[in-house]
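What you see is a predicted model; the values in this text were computed from it and never measured. Count residues from 1 along the sequence.
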Amino acid sequence: DIPGKTFVCLNVMWSFLEQRSFKMTADQYMEKLDSIAYLLNVVGQADAIRAQLSGPPKSQNGMPARPVVGTAISLKLQVSEATVREWFGRGYQ
């Protein structure tokens, strides 16, 4: 972490519909994915996330390169300070 620097990340957990502990139906899961895709498009990050996901996997900051059970991967979004304030208010730091 860099003191005074704000990061916004999309965290992706590994799970699948047939997994017993997965609590969503297929329709609920698709609705969730659609809402995430919508938000990524709104902030202009869909192409950046697509590029990160299609690139070679690499671990960062002790996080795994690929999702494993119980652990997420973090994909950093490049959003403006104005967007961060809009989403999280002034108390985000």
- Query: Taking all atoms of both residues into account, what is the closest heavy-atom pair of Met24 and Lys32, and its distance?
  - Reply: CE-CG, 4.2 Å
- Item | Any residue meeting side chain to side chain donor-acceptor pair (under 3.5 Å) with Ser54, in chain and number order, not counting sequence neighbours | none
- Query: Could you state the interatomic distance from CG (Leu53) to CG (Leu10), rounded to the nearest 0.5 Å?
  - Reply: 8.0 Å
- Query: What residue pairs, at least two apart or across chains, pass side-chain hydrogen bond (donor to acceptor under 3.5 Å, both in side chains) with a residue in residues 33-51?
  - Reply: Asp47-Arg50
- Query: Is atom CD of Gln28 surrounded by more than 12 heavy atoms (other residues, nucleotides or ligands) closer than 6.0 Å?
  - Reply: yes
- Could you pull out all residues at least two apart from Ala82 that satisfy side-chain contact (heavy atoms from CB on, under 4.5 Å)? Ser80, Arg85
- CG/Leu40 to CG/Leu77 distance, rounded to the nearest 0.5 angstrom? 6.0 Å
- Message: Please report the interatomic distance CE(Met30) to OG1(Thr25), rounded to the nearest 0.5 Å.
- Response: 11.0 Å
